[in-house]
Protein chains: 2
Amino acid sequence: MRWLSERELRTWQGFLTAATVLTRLVEQQLKEEAGLSHPQYEVLVRLSAAPDGELRMTELAEVAVTSKSGLTYQVGQLEKAGLVRRKSCPSDVRGVVAALTDEGWRKLREVAPGHAELVRRHFVDGLSERQFAALSDGVDALAARLAPQEP
Amino acid sequence: MRWLSERELRTWQGFLTAATVLTRLVEQQLKEEAGLSHPQYEVLVRLSAAPDGELRMTELAEVAVTSKSGLTYQVGQLEKAGLVRRKSCPSDVRGVVAALTDEGWRKLREVAPGHAELVRRHFVDGLSERQFAALSDGVDALAARLAPQEP
DNA sequence: ACCCACTTGTTCAAATTCGAACCAACGGCT
DNA sequence: AGCCGTTGGTTCGAATTTGAACAAGTGGGT
């Protein structure tokens, strides 16, 4: 059993800490600027990236990395806010697809610039060209490793 | 106002996703292997890294990146479990210091190896030497940027 | 056509999170 | 000594998260 080196431990902790702090910053900004939580924003973004701005609940839960029940809740909130609409799925009676409403698209266009600005300021600009490229590379490697977890 | 490039966005999302997934894995393992939540484990680790295995509540909240009230709750839980003990602070009547108990040390020694193993498998080993070094570098840069936030 | 194991999405209770309000207590200043 | 703006920690309520249990539906093999 190999132990973690000093450096490995520091990197691991730093990685999680950075993610936590960044998430917190995003959370605050979204809340005060648009009344959205980060998970909610995430849902909107993922929907906007999908064809026709709609996705089945399960798929949405996957890309947004939440539990099914968590998603049910958030979509409920978003629906109350008029940003998302539930439709039944044509190919599967049980299925539910969440779809961005016009309001949803509008809101997203309104919020995105401020969000991008914050990401740039606290994440992208904090790194040199080289550092960013390297981190990008590392994240890709992690993603590849983490995605195929269960088969 | 500069937009985020395709690659910047992917990196950002990948970064958060990786952190979320990793946290989830850690959470699961700790829960089933030791009945601890990740925040709780974090508290134990931070205490163990402090002189005498004790820290004032506020300092602990800082290093563990939680809200004060969140920490109050978790320390409460840990105290119930007998892993941590509250002592009053000699230099400040209001102060409270959380201290690892012998039980706490024991538990930590018991859990740490498995945790290290998991971190190694899903984080460290997922990256080449070079990738790891680069990511480590990037994380350091982020930490430096994020820490001095409020002065 | 019928099973039966798996999938879908929701509901439920329990645990956790956060921020705001709060009460002391501190400590520099006069 | 007395004031007063700040700090330390807890408490409170509201919002959110999770996994387990559930009802309904699907679909391949027989």
Side-chain angles (χ1 to χ4, degrees), chain A residues 16 19-21 23-32 34-43 47 54-81 84-99 150-151, chain B residues 16 19-21 23-32 35-43 54-81 84-99 150-151:
Chain A
L16 288 192
T20 306
V21 173
T23 302
R24 211 166 288 247
L25 289 172
V26 169
E27 188 85 32
Q28 280 184 296
Q29 198 218 20
L30 285 174
K31 195 81 76 181
E32 92 174 33
L36 289 174
S37 69
H38 182 43
Q40 284 166 1
Y41 180 73
E42 189 66 13
V43 165
L47 282 180
E54 49 181 62
L55 229 38
R56 296 232 357 209
M57 293 296 276
T58 299
E59 302 177 273
L60 187 48
E62 292 236 344
V63 294
V65 199
T66 4
S67 61
K68 286 184 300 172
S69 48
L71 181 64
T72 294
Y73 176 77
Q74 287 303 354
V75 168
Q77 296 299 306
L78 290 169
E79 203 169 24
K80 269 200 273 185
V84 161
R85 179 167 75 91
R86 274 178 225 251
K87 309 183 344 188
S88 53
C89 177
S91 64
D92 187 338
V93 185
R94 303 166 299 173
V96 173
V97 318
E150 343 65 13
Chain B
L16 289 192
T20 306
V21 173
T23 302
R24 210 165 288 245
L25 289 172
V26 169
E27 187 85 30
Q28 280 184 295
Q29 199 219 20
L30 286 174
K31 195 81 76 181
E32 93 175 33
L36 289 174
S37 68
H38 182 44
Q40 284 166 0
Y41 180 72
E42 188 66 14
V43 165
E54 50 181 62
L55 229 36
R56 299 235 349 212
M57 293 295 276
T58 300
E59 302 176 272
L60 187 48
E62 292 236 346
V63 294
V65 199
T66 3
S67 61
K68 284 186 299 173
S69 49
L71 182 64
T72 294
Y73 176 76
Q74 288 302 355
V75 169
Q77 296 298 304
L78 289 170
E79 203 169 24
K80 268 198 277 186
V84 161
R85 178 166 75 91
R86 273 178 226 251
K87 309 183 343 189
S88 54
C89 177
S91 63
D92 187 338
V93 185
R94 303 167 297 173
V96 173
V97 318
E150 344 63 15

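In what follows, every chain begins at residue 1, and chains take the letters A, B, ... in the order their sequences are listed. Quick caveat, the model's predicted, so the values are computed rather than measured.
Residues passing the side-chain hydrogen bond (donor to acceptor under 3.5 Å, both in side chains) test with A:Gln29, sequence neighbours excluded: none. When the salt bridge (charged side-chain N to carboxylate O under 4.0 Å, His left out) test is applied to A:Arg94, the partners found at least two apart in sequence or on another chain are A:Asp92. Listed by chain and residue number, A:Trp12, B:Thr23, B:His38 satisfy the side-chain contact (heavy atoms from CB on, under 4.5 Å) test with A:Leu16 (two or more places apart in sequence, or in another chain). Not counting sequence neighbours, the partners of B:Val97 by the side-chain contact (heavy atoms from CB on, under 4.5 Å) test are B:Glu54, B:Arg56, B:Lys87, B:Cys89. Under the salt bridge (charged side-chain N to carboxylate O under 4.0 Å, His left out) criterion, B:Glu27 pairs with B:Lys31, not counting sequence neighbours. Scored by the side-chain contact (heavy atoms from CB on, under 4.5 Å) test, B:Thr58 finds no partners at all (sequence neighbours excluded). With sequence neighbours left out, A:Glu62 forms a salt bridge (charged side-chain N to carboxylate O under 4.0 Å, His left out) with no residue at all.
Across A:Leu47 and A:Ala98, no two heavy atoms sit closer than the pair CD2-O, 3.4 Å.
With a 4.5 Å cut-off on side-chain heavy atoms, B:Glu59 and B:Val63 do not count as touching.
C:dT10 atom C1' lies 14 Å from atom CZ of A:Arg56, rounded to whole Å. Summarising the geometry, the separation between CE on A:Met57 and C1' on C:dT10 is reported as 9 Å, rounded to the nearest angstrom. Between B:His38 atom NE2 and C:dT17 atom P the separation is 11 Å, expressed in whole Å.
Residues from residues 65-78 of chain A with heavy atoms under 4.0 angstrom of DNA chain D, sorted by number: A:Thr66, A:Ser67, A:Ser69, A:Gly70, A:Tyr73, A:Gln74, A:Gln77. Listed by residue number, A:Arg86 are the residues of residues 85-92 of chain A with a heavy-atom contact under 4.0 Å to DNA chain C.
Nearest-nucleotide mapping onto DNA chain D: of A:Val93 and A:Lys31, the residue sitting toward the 5' end is A:Lys31. Nearest-nucleotide mapping onto DNA chain C: of A:Gln28 and B:Ser37, the residue sitting toward the 5' end is B:Ser37.
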Sequence neighbours excluded and cut-off under 3.5 Å, please list the side-chain donor-acceptor pairs for residues 69-80 of chain B, or say none.
residue : atom : partner : partner atom : Å
B:Thr72 : OG1  : B:Lys68 : O            : 3.2
B:Gln74 : OE1  : B:Gln40 : NE2          : 3.0
B:Glu79 : OE1  : B:Arg86 : NE           : 2.9
B:Glu79 : OE2  : B:Arg86 : N            : 3.1

Pairs: protein N or O with nucleotides 2-6 of chain C N or O, under 3.5 Å:
none

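For DNA chain D, the outermost nucleotides in 5' to 3' order that have an atom under 4.0 Å from a heavy atom of chain A are D:dA15 to D:dT26.
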